[in-house]
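Presented below is the structure to which this report refers.
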Number of protein chains: 2
Amino acid sequence: MGELPLTLEGEGRQRILAAAEKLFSDKAFDAVSMNAIALQAGISKANIYHYFPNKDALYLAVLRAASRNLQKLLNDAVDAHGTVVEVLRHFARCHLQALLDRPELVRLVWREILEKGAPRAREFAEQGFADVFSALVAVLESGQARGELRADFAPALVATLMLGANVFFFQSRDILRHYPAVGFADDPAGYDAGIVEILLRGLIPESSADTVRA
Amino acid sequence: MGELPLTLEGEGRQRILAAAEKLFSDKAFDAVSMNAIALQAGISKANIYHYFPNKDALYLAVLRAASRNLQKLLNDAVDAHGTVVEVLRHFARCHLQALLDRPELVRLVWREILEKGAPRAREFAEQGFADVFSALVAVLESGQARGELRADFAPALVATLMLGANVFFFQSRDILRHYPAVGFADDPAGYDAGIVEILLRGLIPESSADTVRA
DNA sequence: GTCTATATGTCGATAGAC
DNA sequence: GTCTATCGACATATAGAC
């Protein structure tokens with residue numbers, strides 16, 4: 001009804017995305033009706049179809065918006081720091097913080113990955129986190145090229161390990177909190193400092209690795 | 001109907017658990033009716049209530065059964081190997097294999113963690129994976145006490161990192177597969193070998209860590 | 001606003017093992 | 001004869017259709 005008559009170009013689109021993000025975070029894809037999204041956004045259903053061709057496209061748009069956030073985080077980290085090690089430390093902390101700041105959004109993404117199997121995952125991989133992942137891999141590779149990091153590991157593997165450590169922490173926090181041995185459940189910064197420290201000590205070229213071999 | 005008249009003590013209970021596991025893996029808790037479970041198990045609904053007081057208890061029983069599997073894996077690893085490093089290597093590999101062998105079960109567990117927030121997570125933490133997690137922490141602690149592992153890290157943190165690396169690999173496989181830099185999506189053994197290697201080089205006391213400090 | 005469908009959980013009866 | 005696994009039918013709450 002008679003809201004502010006803003007003619008800002010992306011305003012309507014933005015409202016729809018926000019509404020869709022909220023509803024898709026709460027319930028599964030099939031359980032969210034376009035009508036409900038329109039209601040949440042305070043607009044008409046037909047209006048949604050003005051901006052997005054169908055429900056699927058809207059859904060993917062929400063996912064894409066989420067990944068752009070991460071991309072920006074990594075770019076900022078690269079710009080702000082000199083050494084690769086510093087970039088990694090900074091990015092890990094910011095990444096986890098980003099997850100914790102918008103838990104609904106993360107749950108939305110992971111529901112997508114867990115529920116539907118391969119079909120949607122492919123689209124998501126291409127449109128979504130591919131850029132972030134590749135960028136992180138590139139950072140690690142440049143670290144290897146510069147000699148800052150050991151050259152005998154697969155960069156993609158370490159990228160997986162880093163992202164995974166944060167995602168797992170985010171996902172399991174409520175459970176970990178109940179274990180007496182866990183002191184970091186409410187200290188994400190401390191957690192990240194710890195895991196990055198462990199990772200780095202394994203990544204720097206100077207460490208003597210011969211004694212590990214059994 | 002005229003099935004085999006087995007009077008094996010836990011036979012009926014087992015059938016119910018298997019049916020519940022399958023259905024809960026496919027759909028969410030609320031979307032699975034006791035009737036459907038009874039149908040899947042080939043018995044009557046009333047019969048389920050003979051073994052389990054209510055739907056909640058049945059659900060928790062399924063989760064508990066899943067965690068007992070992991071517990072056994074770790075115990076076997078501890079019994080079969082001498083050094084802590086060998087135990088960790090072996091457990092990591094078996095753990096990931098266990099996840100990949102029963103993907104439906106893993107999805108069930110993670111749906112539980114992601115969907116419902118704190119309330120169920122607590123019960124699950126107490127009844128479910130607490131034992132496994134604590135046992136893994138104990139292994140790491142004994143490694144520290146024996147001098148096999150560095151003493152300046154939190155064992156629970158490394159346990160989280162290890163379990164998380166496997167869980168994240170399992171969860172993201174379909175997506176990782178599409179990234180050109182990832183060569184390990186279809187090689188879980190190689191993945192685990194890689195991440196354990198990275199972790200260990202960071203955990204052994206001999207590595208020189210001073211150069212990391214910025 | 002009523003009606004229908006479906007959900008959880010209960011009750012009393014039955015059939016067979018020992 | 002008792003005990004236990006099992007069943008069909010029932011009570012009750014609730015969500016959605018129209």
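Remember, predicted model here, so these are calculated numbers, not experimental data. Below, all heavy atoms of this structure are taken into account, side chains as well, without hydrogens, waters or symmetry copies.
Applying the side-chain hydrogen bond (donor to acceptor under 3.5 Å, both in side chains) test to N54(A) and every residue at least two apart in sequence or in another chain returns nothing. Applying the side-chain hydrogen bond (donor to acceptor under 3.5 Å, both in side chains) test to K27(B) and every residue at least two apart in sequence or in another chain returns nothing. Residues satisfying the side-chain hydrogen bond (donor to acceptor under 3.5 Å, both in side chains) criterion with E141(A), sequence neighbours excluded, are absent altogether. With sequence neighbours excluded, no residue forms a side-chain hydrogen bond (donor to acceptor under 3.5 Å, both in side chains) with D187(B). Taking the ring pair (Phe, Tyr, Trp, His ring centres under 6.0 Å) definition, one finds that Y49(B) meets it with nothing, sequence neighbours left out. Partners of F24(B) under the ring pair (Phe, Tyr, Trp, His ring centres under 6.0 Å) rule, at least two apart in sequence or in another chain, are F29(B), Y59(B).
Rounded to whole Å, the distance from CD1 on I16(B) to P on dT4(D) is 16 Å. Atoms CD (Q14(B)) and P (dA5(D)) sit 14 Å apart, rounded to a whole Å. Atom C1' of nucleotide dT6(D) and atom CZ of F52(B) are separated by 15 Å, given to the nearest angstrom. In this structure, NE2 of H50(B) is placed 15 Å from C1' of dA13(C), rounded to the nearest angstrom.
Although no hydrogens or angles enter the test, the distance criterion places no donor-acceptor pair under 3.5 Å between the side chain of D131(B) and the main chain of R68(B).
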Check nucleotides 4-11 of chain C for protein N or O atoms closer than 3.5 Å to its own N or O atoms and list the pairs.
residue, atom, partner, partner atom, Å
dT8(C), OP1, V32(B), O, 3.3
dT8(C), OP1, M34(B), N, 3.2
dT8(C), OP1, K55(B), NZ, 2.8
dT8(C), OP2, M34(B), N, 3.0
dT8(C), O4, K45(B), NZ, 3.3
dG9(C), OP2, Y49(B), OH, 3.3
dG9(C), OP2, K55(B), N, 3.1
dG9(C), N7, K45(B), NZ, 3.2
dG9(C), O6, K45(B), NZ, 2.6

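Between dC7(D) and N47(B), a contact under 4.0 Å exists linking OP1 or OP2 to a side-chain N or O.
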Contacts table for residues 157-165 of chain A: side-chain donor-acceptor under 3.5 angstrom, sequence neighbours left out:
residue, atom, partner, partner atom, Å
T160(A), OG1, A156(A), O, 2.7

Indicate for each nucleotide in nucleotides 12-18 of chain D, in 5' to 3' sequence, whether protein heavy atoms under 4.0 Å reach the base (B), only the sugar-phosphate (S), or nothing (-).
-------

